[in-house]
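Worksheet for the structure shown next.
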Amino acid sequence: MAETNASDFKFAVTSSPESWELALGDVQHVDPTARILETVGPGIFVVQSQESQPTLSSSLRTSGVFVRHLFPVLVTVDLTGGEEDVRAIAAASLALQEHMARSQNFSVQTRVLSSRAYGNYDVNTAVADLFVQHGYILDVRRPRRVISIVCTETSALLGASAVIDNLSDWAGGIRRFAREEGQLSRSEFKLLEAFEVFDIPVPENGLALDLGAAPGGWTRILRTKGLRVVAVDPAKLDGRLSRDSGVKHVQTVAQRYLPTCAGRDAFDLIVNDMRIDVDRSVRLMCQAASFLKRSRFAIMTLKLKPRYQRKQIRDALAILAHAYTVWGTRKLFHNRNEVTVALRRD
């Protein structure tokens, strides 16, 4: 591991495995002196930075795209791979008490990156039990502080921080949803995650526009949230949606549908997961903005080409800014070769 200065901070940063260089770029945009000290797993690396976590996280929340999660590396424990590792990690975790407060409830999040005689649950339980014995309040659902642990082949990296400064409530930003009865596609998880990450309110009894709707996964999610939906796609929707009186299927492409929209300010939410190039997609979203009510939101995915992704995003946001306020841009856990953008019409 590279040497660090005593005044510098160390962070474990997580991104999607294919986007780690772009995630490093996010960090270096905030702190140009930041550098990688080691890579500990696919999409997980340790950086040295002169910025504190609150400063770094605050900037990444507004300007970052590819960093999903980070935590300060405050303690390192050598590992052997045996069950004794759990006891060693728990004992070492007590050094984190100076970064904790008994008035703030906590949880433990562990990622064991390689095969061991123990798993995430074993480490979580051992550390949590020890802190409870020392008077701390465990709350795994709504913690205010998190003890974060990553176990690599040779060591465990431990940190403690406020949940908001980790950029995600979930270890590594890995937000998993239970598969629901009636689910139509994996893409539904993208929309659910977007609502959470960008904290987008859903209007009650509103009307939504779903561009590129087939087979209907996003339309189904919108219906579960009480929205009526105009679903636009030349392909057929799943039969269950075609029988839903709250869904109006317009069987054409968005380019033909939008010029026919009668009136203005018709929709309470617009979503777009169309598999078309970025430039066409954002220009259609700008056209659609005329039919979105003021102070309402839109969500879209940008289908990125492999090269020059940051430029593609920058150019797309510049176009969208003519019609919307860009609320946030993030490569979510459930994104693949794309990023999700949240927009608001002000």
Side-chain angles (χ1 to χ4, degrees), residues 1-17 19-76 95-96 98-101 104 106-111 143-150 152 156-175 193 196-199 309-310 313-314 317 326-333 335 339-342:
M1 183 183 297
E3 293 183 359
T4 62
N5 297 322
S7 60
D8 287 337
F9 301 93
K10 290 168 57 178
F11 301 101
V13 179
T14 301
S15 67
S16 62
S19 300
W20 71 268
E21 291 179 293
L22 292 163
L24 176 61
D26 280 348
V27 176
Q28 291 175 330
H29 179 74
V30 182
D31 176 9
T33 70
R35 61 192 181 94
I36 287 187
L37 300 178
E38 64 174 326
T39 300
V40 299
I44 308 172
F45 53 92
V46 178
V47 297
Q48 170 191 336
S49 174
Q50 296 178 1
E51 300 290 351
S52 67
Q53 188 183 14
T55 300
L56 184 60
S57 297
S58 177
S59 295
L60 289 173
R61 277 195 299 273
T62 57
S63 63
V65 176
F66 296 96
V67 175
R68 286 204 310 243
H69 184 273
L70 81 159
F71 70 86
V73 178
L74 303 172
V75 177
T76 301
L96 300 173
E98 63 180 289
H99 303 279
M100 302 284 285
Q104 296 183 340
F106 81 101
S107 69
V108 183
Q109 296 180 349
T110 301
R111 285 176 287 164
R144 295 182 62 187
R145 299 194 73 79
V146 173
I147 296 173
S148 300
I149 303 170
V150 171
T152 74
L157 311 177
L158 285 69
S161 49
V163 171
I164 191 172
D165 289 337
N166 287 9
L167 300 182
S168 173
D169 297 353
W170 301 84
I174 301 173
R175 178 57 168 113
E193 189 179 4
E196 283 191 6
V197 168
F198 300 116
D199 193 22
Q309 291 192 5
R310 195 175 297 280
I313 295 169
R314 184 172 59 248
L317 297 184
V326 178
W327 194 254
T329 307
R330 187 71 57 85
K331 186 175 178 67
L332 304 176
F333 172 67
N335 286 141
V339 298
T340 298
V341 182

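- Shown here for L96 and M100, the closest heavy-atom pair between the two residues is O-CG, 3.3 Å.
- Between D26 and R68 no salt bridge is recorded (no basic side-chain N to carboxylate O distance below 4.0 Å).
- With rounding to the nearest 0.5 Å, the separation of CG in D169 from CZ in R175 is 8.5 Å.
- Within 6.0 Å of the CZ atom in R144, the count of heavy atoms belonging to other residues, nucleotides or ligands does not exceed 12.
- At distances below 3.5 Å, not a single donor-acceptor pair connects side-chain atoms of E51 with backbone N or O atoms of F9.
- Without hydrogens or angle criteria, S59 side chain to L56 main chain gives no donor-acceptor distance under 3.5 Å.
- Take E21 and apply the side-chain contact (heavy atoms from CB on, under 4.5 Å) test, not counting sequence neighbours, and it matches no residue.
- Here OG of S58 is found 8.5 Å from CD1 of I164. Values are rounded to the nearest 0.5 Å.
- H29 pairs by the side-chain contact (heavy atoms from CB on, under 4.5 Å) definition with S63, not counting sequence neighbours.
- When all heavy atoms of L167 and H69 are compared, the closest pair comes out as CB-CA, 4.5 Å.
- Annotation: the span from F66 atom CZ to T329 atom OG1 amounts to 9.5 Å, rounded to 0.5 Å.
- Across V67 and R330, no two heavy atoms sit closer than the pair O-CD, 3.8 Å.
- Residues S168 and N166 have side chains that never bring a donor and an acceptor to within less than 3.5 angstrom of each other.
- Contact of the Q109 side chain with the F71 side chain is not registered, since no non-hydrogen atoms from C-beta on lie closer than 4.5 Å.
- When each of V339, L60, T340 is paired with V65, the side chain to side chain contact (heavy atoms under 4.5 Å, CB included) condition holds for V339 and for no other.
- With contacts defined as side-chain heavy-atom distances shorter than 4.5 Å, the pair R111/I44 qualifies.
- Under a 3.5 Å cut-off, the side chain of W327 and the backbone N or O of F198 do form a donor-acceptor pair.
- A search for side-chain contact (heavy atoms from CB on, under 4.5 Å) contacts involving A95 returns V75, not counting sequence neighbours.
- Here the closest non-hydrogen pair linking L24 and F45 is N-CZ, 3.9 Å.
- Here the closest non-hydrogen pair linking F106 and I147 is CD1-CD1, 4.1 Å.
- In terms of heavy atoms, W20 sits closest to G43 at CB-CA, 4.4 Å.
- R145 places a side-chain N or O within donor-acceptor distance of the main-chain N or O of H99, the cut-off being under 3.5 Å.
- A 6.0 Å sphere centred on CD1 of I174 holds more than 12 heavy atoms belonging to other residues, nucleotides or ligands.
- Side-chain N or O atoms of E193 include one that pairs as donor or acceptor with a backbone N or O of F333 at under 3.5 Å.
- At least one donor-acceptor pair closer than 3.5 Å links the side chain of Q28 to the backbone N or O of A34.
- Of the possible donor and acceptor atoms, none in the side chain of D165 sits under 3.5 Å from a partner among the backbone N and O of S57.
- Here K331 contributes atom NZ and I313 contributes atom CD1; the two are 8.5 Å apart, rounded to the nearest 0.5 Å.
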